[in-house]
Amino acid sequence: MNARQAMDWLEGLDPEAEIAVTAKFPGLDGWRVTSWAVSTGEAEGCPSLEVSVEGTDFDYPAPSRALLEVLPDLLDRLLEAEDSGYL
């Protein structure tokens with residue numbers, strides 16, 4: 001979305017309305033985070049919205065299951081890296 005598209009969209013809203021931001025993580029079976037602090041900033045030389053996640057939890061069962069499925073492999077990789085001196 002470019003600035004003009006954002007401005008056009010925002011102009012159609014009630015100035016007193018709050019705007020929700022939802023981050024979706026399709027790689028984690030749809031885990032969503034909706035607790036954000038949003039501020040303006042600059043990134044890579046252009047204006048940006050900076051989003052700080054205030055807190056997360058795995059209240060959706062699918063991401064928890066997905067993480068539990070890959071956890072043994074991740075732990076094995078960590079131990080291998082440690083044994084190889086990479087950590």
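This structure is a prediction, so every number in the text was calculated from the model and none was measured.
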Of all residues at least two apart in sequence or in a different chain, which pass the salt bridge (charged side-chain N to carboxylate O under 4.0 Å, His left out) check with D73?
->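 D73 satisfies salt bridge (charged side-chain N to carboxylate O under 4.0 Å, His left out) with R77 only.
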L13: what forms a side-chain contact (heavy atoms from CB on, under 4.5 Å) with it, not counting sequence neighbours?
-> W9, L10, I19
Kindly write out the residues that satisfy side-chain contact (heavy atoms from CB on, under 4.5 Å) with N2, not counting sequence neighbours, or none if the list is empty.
-> R4, Q5
Quick one: name the residues clustered hydrophobically with L71, using the 4.5 Å side-chain heavy-atom rule over I, L, V, M, F, W, Y, and just say none if it's on its own.
->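 L75, which link up through side-chain heavy atoms under 4.5 Å apart, make up the rest of the cluster.
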